[in-house]
*Asks:* 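I'd like to ask you about the structure that follows.
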2 protein chains.
Amino acid sequence: MTDPKASAIQVPPAEQAGRFARAREVQSRALLEDYVELIGDLITAHGEARVADIAERMGVAHPTATKTVARLKREGLATSRPYRGVFLTEEGARLAESVRSRHRTVVDLLVALGVPAEHAERDAEGIEHHVSQRTLRAFEAFLTKSETQPQS
Amino acid sequence: MTDPKASAIQVPPAEQAGRFARAREVQSRALLEDYVELIGDLITAHGEARVADIAERMGVAHPTATKTVARLKREGLATSRPYRGVFLTEEGARLAESVRSRHRTVVDLLVALGVPAEHAERDAEGIEHHVSQRTLRAFEAFLTKSETQPQS
DNA sequence: CCATAAAATTAGCCATGGCTATATCTTGCG
DNA sequence: CGCAAGATATAGCCATGGCTAATTTTATGG
């Protein structure tokens, strides 16, 4: 248990600023990650990802999806020709897979801790992006242990 | 363990859209929460929260802090008079306390799962905002259990 | 094979949350 | 007590990620 008295003020300003900077940076990648994961899922399910479907599932208007897909292309994660479906580059596909895997791990962890499935899904959607490699490994280790040794 | 084959595509579009909408909504509150928590910490430590200190610790330029404080005031979370320090309203203080408590719980959980302290702090900064009441309760329950019954 | 429906794009608006440069207020020191 | 330094505020810029409205392209059914 951390000391309740130990407010964040105890840490040097620069270090605290760095944490916030990291969180902002993660946030700017989160949208890309969500799109890439979704596009991957749509391709798996339907053979292609149409802008209308992306928009519907992201819960945004079509032009918003078009705009974000343009950003994906700029970043080398996706490809598309005008009025055609969207596809992932190799890099995009790799990212999609790692995002999907991390997402699953986060949901599994929450469920293992006793969070009801629907809550776990909703919370995971936001949490996952902030889970670092190191933390992800800890989650996986815990899940492995829980399997072997169900509960107390 | 969730079924690896069960991609998000299995869930109805509207439900998936709702999850993303929730994550976006959380995101828009996250900044306010961070500021309110920091202002609370600064007041506890120094008796007041100066814009320069807020900016330094948030890792942003002074005008950015000023602008966000204005938003805090608009939302009824803080008060301030020109060229004077920033203070929290009752509602702001309540929010600060609940954010601080949730932050501590998230860090404690990560540490309990074996994440090194500094990593836990960094990841928690982003994760905490997406942890719902329900999930928070599960974290607390797990931590209580771990205390009683240290490890396997 | 063409007309219409459906899908995608483009244009242009808004709020947020960064920034720099400039102006104004407070404060402390000589 | 007045002025320079430091703190705060204001103005105005940029990118992101939403939106609606209008346009263009593709696909389909009669």
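Every chain is numbered from 1, with letters handed out A, B, ... down the list of sequences.
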*Asks:* Aromatic ring centroids of A/Phe20 and B/Tyr35 under 6.0 Å?
*Replies:* no
*Asks:* Check the distance between C/dA7's P and A/Ile54's CD1 and give it to me in whole angstrom.
*Replies:*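 That distance rounds to 14 Å.
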*Asks:* Just how far, in rounded Å, is P of D/dT16 from CG of A/Leu32?
*Replies:* 10 Å
*Asks:* With a cut-off of less than 4.0 Å, is there a side-chain N or O of B/Thr64 near OP1 or OP2 of C/dG17?
*Replies:*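 No, no such contact exists.
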*Asks:* Without decimals, in angstroms, what is the distance between A/Gln27 CD and C/dT16 P?
*Replies:* 16 Å
*Asks:* In whole angstrom, what separates A/Phe20's CZ from C/dG17's P?
*Replies:*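 The distance from CZ of A/Phe20 to P of C/dG17 comes to 14 Å, rounded to the nearest Å.
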*Asks:* In plain terms, say whether A/Arg22 and B/Asp123 are close enough for a salt bridge, that is, a side-chain N and a carboxylate O under 4.0 Å apart.
*Replies:*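 Result for this pair is yes, salt bridge flagged.
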*Asks:* Distance alone, cut at 3.5 Å: any donor-acceptor contact between the side chains of B/His129 and B/Gln27?
*Replies:* no
*Asks:* Just how far, in rounded Å, is P of C/dT27 from CD of B/Glu48?
*Replies:* 10 Å
*Asks:* Indicate yes or no: at least one non-hydrogen side-chain atom of A/Thr68 is less than 4.5 angstrom from one of A/Val60.
*Replies:*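 No; the side chains remain at least 4.5 Å from each other.
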*Asks:* If each of B/Arg81 and A/Arg74 is mapped to the nucleotide of DNA chain D with the nearest heavy atom, which maps nearer the 5' terminus, i.e. the 5' end?
*Replies:*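 On the 5' side of the pair lies B/Arg81.
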*Asks:* Are any non-hydrogen side-chain atoms of A/Glu128 and A/Val107 less than 4.5 angstrom apart?
*Replies:*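 SC-SC contact between A/Glu128 and A/Val107 ruled out.
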*Asks:* To the nearest angstrom, how far is A/Arg50 atom CZ from D/dA27 atom P?
*Replies:* 11 Å
*Asks:* D/dG17, OP1 or OP2 - any side-chain N/O from A/Thr68 closer than 4.0 Å?
*Replies:*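 No, A/Thr68 has no side-chain N/O under 4.0 Å of OP1/OP2 on D/dG17.
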*Asks:* Using whole Å, what does the distance between atom P of nucleotide D/dG6 and atom CD of B/Glu56 come to?
*Replies:* 15 Å
*Asks:* Between D/dG17, C/dG17, D/dC19, which one does the side chain of B/Leu31 approach most closely?
*Replies:* C/dG17
*Asks:* Using whole Å, what does the distance between atom P of nucleotide C/dG18 and atom CD of A/Glu25 come to?
*Replies:*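 From A/Glu25 CD to C/dG18 P: 14 Å.
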*Asks:* Start at the 5' end of DNA chain C and walk down; is the nucleotide closest to B/Gly59 or to B/Glu75 reached first?
*Replies:*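 On the 5' side of the pair lies B/Glu75.
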*Asks:* Using a heavy-atom cut-off of 4.0 Å across all strands, would you classify A/Ala61 as base, sugar-phosphate, or nothing?
*Replies:*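 The answer is base, as A/Ala61 lies within the cut-off (heavy atoms under 4.0 Å) of a base atom.
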*Asks:* Show the numbers, then the answer: is there a salt bridge (Lys or Arg N to Asp or Glu O under 4.0 Å) between B/Glu118 and B/Arg122?
*Replies:* CA-CA 6 Å; B/Glu118 330 84 64; B/Arg122 284 194 309 157; over 6 Å; no
*Asks:* Answer with yes or no whether the side chains of B/Ser132 and B/Thr135 bring together a donor and an acceptor at under 3.5 Å.
*Replies:*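 Yes.
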*Asks:* Once each nucleotide of nucleotides 21-26 of chain C is scored for protein heavy atoms under 4.0 Å, what B/S/- sequence comes out, 5' to 3'?
*Replies:* B--BSS
*Asks:* Closest approach to the side chain of A/Arg71, judged atom by atom: which nucleotide of C/dG18, D/dG17, C/dT9 is it?
*Replies:* D/dG17
*Asks:* Counting side-chain heavy atoms from CB outward, which of C/dG18, D/dT8, C/dT20 is closest to A/Arg24?
*Replies:* C/dG18
*Asks:* What's the closest nucleotide to the B/Lys67 side chain, out of C/dG17, D/dT8, D/dC19?
*Replies:*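 Minimum distance to the B/Lys67 side chain belongs to C/dG17.
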*Asks:* When you measure from the side chain of B/Val51, which nucleotide among C/dC13, C/dC19, D/dT8 comes out closest?
*Replies:* D/dT8
*Asks:* Restricting to ring-ring contact (aromatic ring centres under 6.0 Å, His included), what partner residues turn up for B/Phe139, sequence neighbours left out?
*Replies:* none
